[in-house]
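Residue numbers begin at 1 in each chain, while the letters A, B, ... track the order of the sequences. As the structure is a prediction and not an experimental result, all values here were calculated from the model.
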Number of protein chains: 2
Amino acid sequence: MKARKTATRRLRAPSLPAAALHRAEQLCTKAGERLTPARINAYAELLTQKNPISAYELLALMEQREGRKLAPLTVYRQLDFLVRVGLVHKLTSAQAYVACEHPDHPHDTLYLVCSSCGKADELESERVAELLSKAARSRGFKPGKAIVEVPGLCQTCRQPPDGADGIGVAGAR
Amino acid sequence: MKARKTATRRLRAPSLPAAALHRAEQLCTKAGERLTPARINAYAELLTQKNPISAYELLALMEQREGRKLAPLTVYRQLDFLVRVGLVHKLTSAQAYVACEHPDHPHDTLYLVCSSCGKADELESERVAELLSKAARSRGFKPGKAIVEVPGLCQTCRQPPDGADGIGVAGAR
DNA sequence: AACAATAACGTTATAACGTAACACTATACA
DNA sequence: TGTATAGTGTTACGTTATAACGTTATTGTT
Ligand SMILES: [Zn+2]
Ligand SMILES: [Zn+2]
Ligand SMILES: [Zn+2]
Ligand SMILES: [Zn+2]
């Protein structure tokens, strides 16, 4: 008793690019995880965003897209999944989420995060990973994926060209 | 003019060690910040803790110590201050706070955080700081103090000696 | 000492972030 | 076909953090 299709109410998914979808499928297969429509939607929505967004911002976007109310938990579960398989990183210092720029292989979370405009620039550094891993193991500590977040001012937000300091970011070296 | 204390109502501060107090005073003087009794109390209470604690845990401890209700905001303000002057670090991935182990000079936040027992081991690495700073500047990014948190299992919590994996164990604090 | 300016503190209310519990649904596999 | 496992939806709740505003303490100046 639920067959009735109530005249599509703006259900268009954000249309995840085929290449991204394919990569995601492979990643999930390899990890023994299931890539469901709901998860695809969440990922696609995140991919439309240029900057990291909070879970509740994603919630609002998805609600608008799907034309119905969603529970926060829904979004959190999908984010947990996306982070788990490595498609998305959590910026813990900003309590925000952003799609990984090279999800093909697992790696640490390593970002430059602009305190002014919110932009997050993902880096990769084998040397940092190596240093941290070595330091950890030398203390008998078994390390997981490191979280490295460098707050500061991006090039654009440094506009005021004279040496003037911008935001109150302490201790720039 | 100072009103006499009204028959001590368990107001015993946790007695901040004199050396720590002295260091804190110097730090604040240098930074042009005021070290008030309330702030000293918060710091002292944090110093009694072996592991990082949440703001609300600190709130409860201080309420118990002072025998009265406090507002969360009070504690948050004191924590902001302590982090600002460098006496305390925030472990952003655990939403917890811990006293710095060498507050004498400013430095990045760099911890090994056990996902099982919650212990946080503070490291210092000039090389990591240097690498991050260099990478940032090479992109026109003006870096502040980096946040580096490595989750994992501490030596103690690795007890189960067979090679079994243990990462990802939730529920530290 | 009196004053003004600023920083810290207290209080109430509320916003933002995240999870527990439970019932239901889909898929995989014997 | 059953049975086990994983995913989803819903309600309610818990935790973390801040806004707004008025009061008190400190500092520097007259
Ligand atoms: Zn990535
Ligand atoms: Zn910026
Ligand atoms: Zn430190
Ligand atoms: Zn441990």
Side-chain angles (χ1 to χ4, degrees), chain A residues 1-3 11 13 24-25 28-29 31-43 45 52-63 65-85 87-88 90-98 118 168, chain B residues 1-3 11 13 24-25 28-29 31-43 45 52-63 66-85 87-88 90-98 118 170-173:
Chain A
M1 195 61 184
K2 69 184 323 191
L11 259 173
E25 275 169 351
C28 291
T29 303
E33 296 270 5
R34 308 210 302 231
L35 189 61
T36 69
R39 288 169 169 183
I40 293 175
N41 285 346
Y43 184 41
E45 200 68 54
I53 60 174
S54 77
Y56 275 72
E57 284 170 330
L58 177 58
L59 175 64
L61 287 170
M62 293 182 66
E63 283 180 344
R65 177 85 61 179
E66 305 194 12
R68 60 174 177 138
K69 278 285 177 191
L70 297 176
L73 192 47
T74 303
V75 169
Y76 277 105
R77 286 197 280 223
Q78 289 161 1
L79 284 171
D80 283 349
F81 161 80
L82 292 169
V83 169
R84 193 165 66 236
V85 300
L87 288 168
V88 164
K90 174 172 188 178
L91 288 182
T92 183
S93 64
Q95 283 163 175
Y97 300 81
V98 63
Chain B
M1 205 78 130
K2 281 282 159 92
L11 259 173
E25 276 170 349
C28 291
T29 302
E33 295 270 5
R34 292 189 210 158
L35 189 61
T36 68
R39 289 170 169 182
I40 292 174
N41 285 345
Y43 183 41
E45 200 68 54
I53 60 174
S54 77
Y56 277 73
E57 284 171 329
L58 178 58
L59 175 64
L61 287 170
M62 292 182 67
E63 283 180 345
E66 305 193 12
R68 62 175 175 136
K69 278 285 178 191
L70 297 175
L73 192 48
T74 304
V75 168
Y76 278 104
R77 285 198 281 225
Q78 288 161 3
L79 284 171
D80 282 349
F81 161 80
L82 292 169
V83 169
R84 194 166 64 237
V85 300
L87 288 169
V88 164
K90 174 172 187 177
L91 288 183
T92 182
S93 64
Q95 284 163 176
Y97 300 82
V98 62
R173 213 184 330 125

Indicate for each nucleotide in nucleotides 2-8 of chain D, in 5' to 3' sequence, whether protein heavy atoms under 4.0 Å reach the base (B), only the sugar-phosphate (S), or nothing (-). ----SSB
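Nearest heavy atoms, B/G118 versus B/P52: O-CD, 3.4 Å. Nearest approach of B/L59 to B/A71, heavy atoms of both residues: CD1-O, 3.9 Å.
By the salt bridge (charged side-chain N to carboxylate O under 4.0 Å, His left out) test, A/R84 pairs with A/E33, sequence neighbours left out. Under the side-chain contact (heavy atoms from CB on, under 4.5 Å) criterion, B/L87 pairs with B/A24, B/L27, B/Y43, B/L82, B/V85, B/P103, not counting sequence neighbours. Checked against side chain to side chain donor-acceptor pair (under 3.5 Å), A/R34 has no partners two or more places apart in sequence or in another chain. By the side-chain contact (heavy atoms from CB on, under 4.5 Å) test, B/A55 pairs with B/V75, B/Y76, B/L79, B/Y97, sequence neighbours left out. Residues passing the side chain to side chain donor-acceptor pair (under 3.5 Å) test with A/S93 are A/E149, sequence neighbours excluded. A/E63 is linked by a side chain to side chain donor-acceptor pair (under 3.5 Å) to nothing, counting only residues two or more places apart in sequence or in another chain. Listed by chain and number, the residues in a side-chain contact (heavy atoms from CB on, under 4.5 Å) with A/S54 are A/Y56, A/E57 (sequence neighbours excluded). Taking the side chain to side chain donor-acceptor pair (under 3.5 Å) definition, one finds that B/E25 meets it with nothing, sequence neighbours left out.
Note: NZ (A/K69) to P (D/dT10) measures 12 Å, nearest angstrom. Between the P atom of D/dT15 and the CD1 atom of B/I53 lies a distance of 15 Å, rounded to the nearest Å. Rounded to whole angstrom, the span from the CG atom of B/L35 across to the C1' atom of C/dA7 amounts to 14 Å. Across the protein-nucleic acid pair, A/L73 atom CG and C/dA20 atom C1' stand 9 Å apart, rounded to whole Å.
Comparing the local axis fitted to the first five base pairs of the helix from C/dA1-D/dT30 to C/dA30-D/dT1 with the one fitted to its last five gives a bend of 30°, rounded to 10°.
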Output a table of nitrogen or oxygen pairs between the protein and nucleotides 16-18 of chain C separated by less than 3.5 Å.
from	atom 1	to	atom 2	distance (Å)
C/dG18	OP1	A/K90	NZ	3.0
C/dG18	OP2	A/Y76	OH	2.9
C/dG18	O5'	A/Y76	OH	3.4
C/dG18	N7	A/Y56	OH	2.8

